[in-house]
Amino acid sequence: QVQLVESGGGLVQAGGSLRLSCAASGRTFSSYFMGWFRQAPGKEREFVAVIRSGGTTYYADSVKGRFTISRDNVKNTVYLQMNSLKPEDTAVYYCAANLRGATTNEWAYAYWGQGTQVTVSS
């Protein structure tokens, strides 16, 4: 199994940048597809980005061109670089892992972090 811990959230002004990290424990980390999801106040949790072990990425249209997901399989860490942040990016961001594929379906992800709050002020 994999245990995930997010960090790097905080308050940032619109147009600014923030880098989230997800530290994973587990010997099979490199085998997992790693994703980022977010949940804004009063809204459903939504897909943000996913990365395969080899580095192939896929993004939600809402963040494409602004966010970058990456991973370091040696450090067992996944990152989400968020640039040009908008107030609508405000949400709790969750790191997740699955063995099924690079899917946007949250139900495919068996392991989740506790979440980290990102607040973007206007």
Side-chain angles (χ1 to χ4, degrees):
Q1 62 178 4
V2 176
Q3 294 182 341
L4 308 172
V5 180
E6 303 97 332
S7 63
L11 176 65
V12 65
Q13 294 181 341
S17 298
L18 207 59
R19 181 181 174 89
L20 304 183
S21 298
C22 174
S25 62
R27 293 178 295 173
T28 60
F29 171 80
S30 62
S31 299
Y32 285 83
F33 298 85
M34 302 298 299
W36 286 96
F37 292 78
R38 67 185 182 185
Q39 186 168 25
K43 297 184 178 180
E44 298 287 329
R45 185 158 58 189
E46 66 175 346
F47 167 80
V48 175
V50 65
I51 185 169
R52 301 198 304 186
S53 180
T56 303
T57 59
Y58 178 77
Y59 300 91
D61 289 340
S62 59
V63 305
K64 192 174 298 182
R66 299 187 298 120
F67 290 11
T68 301
I69 185 172
S70 61
R71 67 190 295 165
D72 187 330
N73 290 337
V74 176
K75 296 181 178 180
N76 286 3
T77 303
V78 180
Y79 306 95
L80 185 67
Q81 178 66 47
M82 304 183 293
N83 299 324
S84 301
L85 283 163
K86 306 174 181 179
E88 48 263 48
D89 293 319
T90 295
V92 176
Y93 283 71
Y94 297 91
C95 178
N98 85 82
L99 282 170
R100 303 192 65 178
T103 179
T104 62
N105 187 348
E106 65 179 281
W107 303 114
Y109 292 80
Y111 306 102
W112 294 82
Q114 82 288 347
T116 185
Q117 177 70 48
V118 172
T119 303
V120 183
S121 64
S122 59

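Values reported hereafter were calculated over all heavy atoms of this structure, with side chains retained and with hydrogens, waters and symmetry mates removed.
- Rounding to the nearest 0.5 Å places OG1 of Thr57 at 12.0 Å from CZ of Arg71.
- The line from OG1 of Thr68 to OH of Tyr79 is 14.0 Å long, rounded to the nearest 0.5 Å.
- Atom CZ of Arg19 sits about 10.0 Å away from atom OG of Ser7, to the nearest 0.5 Å.
- Asn98 CG to Asn105 CG: the interatomic distance, rounded to the nearest 0.5 Å, is 9.5 Å.
- Note: Glu106 CD to Gln39 CD = 8.0 Å, rounded to the nearest 0.5 Å.
- Across all their heavy atoms, Ala102 and Phe33 have their closest contact at N-CD2, 3.5 Å.
- The main-chain N or O of Thr103 is found under 3.5 Å from a side-chain atom of Tyr109 such that the two form a donor-acceptor pair.
- The aromatic rings of Phe37 and Phe47 lie perpendicular to each other, with more than 60° between the two planes, well past the 30° mark.
- Scanning both residues, Tyr58 and Thr104, for their nearest heavy atoms gives CE2-CG2, 3.7 Å.
- Sparse packing is recorded around CD of Gln3, with 12 or fewer heavy atoms of other residues, nucleotides or ligands lying under 6.0 Å away.
- Once rounded to the nearest 0.5 Å, the distance linking CZ of Arg66 with OG of Ser84 reads 7.0 Å.
- The existence of a salt bridge linking Lys86 and Asp89 is excluded, since no basic side-chain nitrogen approaches an acidic carboxylate oxygen closer than 4.0 Å.
- Its side chain within the 4.5 Å cluster rule, Tyr32 clusters with Val2, Leu4, Val12, Leu18, Leu20, Phe29, Met34, Trp36, Val48, Ile51, Tyr59, Val63, Phe67, Ile69, Val78, Leu80, Met82, Leu85, Tyr93, Leu99, Tyr111, Val118, Val120 among the Ile, Leu, Val, Met, Phe, Trp and Tyr residues.
- Tested against Arg38 for a salt bridge (Lys or Arg N to Asp or Glu O under 4.0 Å), the candidates Glu44, Glu6, Glu46 yield a single pass: Glu46.
- More than 12 non-hydrogen atoms from other residues, nucleotides or ligands lie less than 6.0 angstrom from CD of Gln114.
- Shown here is Gln117, whose CD atom has more than 12 heavy atoms of other residues, nucleotides or ligands within 6.0 Å.
- Across all non-hydrogen atoms, the minimal contact from Asn83 to Ser17 is OD1-OG, 2.8 Å.
- At least one donor-acceptor pair closer than 3.5 Å links the side chain of Ser53 to the backbone N or O of Ser30.
- Counting non-hydrogen atoms of neighbouring residues, nucleotides and ligands closer than 6.0 angstrom, the NZ atom of Lys75 reaches no more than 12 such neighbours.
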